[in-house]
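Computed over heavy atoms, backbone and side chain alike; hydrogens, waters and symmetry mates excluded. Position 1 is the first residue of the sequence; numbering continues from there.
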Amino acid sequence: MQKLFLSYWNLHNSNSHKIYEILCLPVVFLIAMAVSGSVISHAADSQIIASLNVTAVAELGITSINISNGEFFQRSGQEFTVGIKNSGNTVGFGNITIEIFGKDNNLADTISFVEVALAPGEAQTVTHSWSPNVIPPGEYLAVASLNLENNENNQNNNQNNNQDKKNISFLVIEAPKLPNGDRNPATINKDGKNTGTEVFSNPPETSVPAVVALPQLRIIRQPVFQEMASGTSTVIFPLIENPSAEIAQVNVTSGNSGAALVDDIGSVSIPSKEKISVAVPLRVPKEIPSGYYLTQLEYTTKQNNITYPTIIKVVNSKSERHANAYRAVSFDHQANATLVTIVMKNPGNETIKHVQLYEKVPKTLSGSAKNLNFITTPSEIINDDPEIRWDFENIFPGETRNIVYSIPGIHNDLEQYANWPIDQIVTIEPYYAKNLLLNVINAPAMQGGQKKNITIALFNSGATNQAVDLEVLGPSGWEIGPKTASTYLESRKSREVNFELLAPENAAPGAYTFTIKMGYGGSSDEKTISLIIEKPAATPQSIPPLREQLLGYIQRNITQIILGAALTLMIVVVLYFLYKTVSASAGKKPKA
């Protein structure tokens, strides 16, 4: 032992180390360990708080923009179709706007769409009518943008979508100068004969006869306006009555230059006091220009005759990928009402899953939605302006669906129907097989004994309204209020439902599983979520300066420090005497 110590001591002497420095090292080490232990102990009191954050984000973006015709004349109506998709995980609401700019980059016109709603993963194509009457001929650029609404987590998405604008260019051509006022003779062949049918660039002026009760003839219902695409055909059905006591033979013919669009009708026999619908086929050749055509139906008996006009609006052929809609207007003299019919057709080869049609009725016609008589019940009366929406599901290829409603009174200014487009058509491509979507948008972290709410968002992506039943099932000991809830959800609408949770006082930290069940219309769905019970949060403390930490440590551990100092002193004394003994032994000279 002495030899080992001597070797150690000589090594340190050679490096000029003092024994006092070495002896102080244990004391400094003990103090440092005590201080660091205090800091470590303080750090161990803090914790990382874990919670379940369910982030609901709707990521709507524009995928395409198209126009029904890239080059067209002034005053010819066009349609813009915008494609959008939601790649987020919750329902998104947005407004599409198309801004039309001229060559000088000046804003020429703005088209505002009705707000749309998209379920997660859902895609839509939205078609909006537009008339270029307000802008002069020239080259234009249409820029579509999308603004998100009613989504708390969409600020960044709004910025991204503004950068994700889509545009398309088109050309407006000056309408040809018509040689005969606003008339432009067009050549239409029928049975090999040139009929000289006239096309009008604006709705032609014509007079509509008042209802007349003639002895053998009375017009009950008469079509006065019909929209058609080039190359299509349809049938209109005037309703005529024989008020006399004898059988009436009525000859129905088409008059004026528009006769080329009407097939031969012939004569019909109407029994006494009876009414009969007359089928009048209309055929629009594919090659005739867009515009307005005037045809007249003449009803003649032995004693009476009456002539009624019908304006046919021929439009460019519409899209074959989305639902097309055409308006027809008839006068119902018996009910003293104007009958509006919208014929919607699927022109494609695939079934259209879901279509929304929006209609804005001019206030000059209706005044209010309360005045309208709906034969086809709307899905929603958006406002009393009036603005209305109809929803349809599963329209098969070539299938048509009709929307019918009536406006009180006979509104015989036919020009107002020509400038009344379908407001908007939305073709929806669903992503989810189920109509009702359930999403938890708020699942907070809690502590034992705390009371908080979970928020459930529902969205009805289907075309029909739904009654919905909800139930929340949780672990034993948790209080849920209420455990069940019922609500009513309109088509394409969303709603939030809150459930209050009270955690047990002695709930251990960790994850707890809850099940949310939903039932509607014979279907069901459920979602499982986890809530986190946190450890009690440590009280935040500031770390004092090192000097104060040392003084505090000495005050708290004075007994241990005194004992340590005494022990250190004893070690020093022993080492000192050991050193003296070794030195004395090393100083003696060996005997000869």
> In chain order, what residues pass the side-chain contact (heavy atoms from CB on, under 4.5 Å) check against T110, with sequence neighbours excluded?
Replying inline: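 For T110 the side-chain contact (heavy atoms from CB on, under 4.5 Å) partners, ignoring immediate neighbours, are T97, E99, L107, S112.
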> With a 4.5 Å heavy-atom cut-off, do Y358 and V426 have their side chains touching?
Replying inline: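 Yes, close enough: below the 4.5 Å cut-off.
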>> Within this structure, what is the NZ-OH distance for the pair K313 and Y417, rounded to the nearest 0.5 Å?
In response: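 It comes to 14.5 Å.
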> Partners of F101 by ring-ring contact (aromatic ring centres under 6.0 Å, His included), sequence neighbours excluded?
Replying inline: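 Applying ring-ring contact (aromatic ring centres under 6.0 Å, His included) to F101 gives none.
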>> Can you tell whether the side chains of D525 and K527 come within less than 4.0 Å, N to carboxylate O?
In response: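 Here D525 does not pair with K527 in a salt bridge, since their nearest N and O are not under 4.0 Å apart.
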> Taking the side chain from R492 and the backbone from N460, do they hold a donor-acceptor pair closer than 3.5 Å?
Replying inline: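 No, because the side chain of R492 does not come within donor-acceptor range (under 3.5 Å) of the backbone of N460.
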>> I'd like to know whether the aromatic ring centres of W130 and F170 sit less than 6.0 Å apart in this structure.
In response: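 Ring-ring flag for W130/F170: true, centres closer than 6.0 Å.
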> Out of K370, K363, K360, which residue meets the salt bridge (Lys or Arg N to Asp or Glu O under 4.0 Å) rule with D385?
Replying inline: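 When salt bridge (Lys or Arg N to Asp or Glu O under 4.0 Å) is applied between D385 and each of K370, K363, K360, only K363 qualifies.
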> Passes side-chain hydrogen bond (donor to acceptor under 3.5 Å, both in side chains), N439 versus T90? Steps please.
Replying inline: CA-CA 7 Å; N439 187 41; T90 190; 3.2 Å; yes
>> Checking H322 against T81 for the side chain to side chain contact (heavy atoms under 4.5 Å, CB included) test, could you report, in this order, the C-alpha distance in whole Å, the side-chain angles of both residues, the deciding distance, and whether it holds?
In response: CA-CA 9 Å; H322 315 301; T81 300; 4.0 Å; yes
>> Does F113 form a ring-ring contact (aromatic ring centres under 6.0 Å, His included) with H128? I'd like the steps, not just the answer.
In response: CA-CA 7 Å; F113 289 60; H128 199 292; 4.9 Å; yes
>> Which label fits Y405 and W390: parallel for a plane angle under 30°, tilted from 30 to 60°, or perpendicular past 60°?
In response: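 Aromatic pair Y405/W390 classed parallel.
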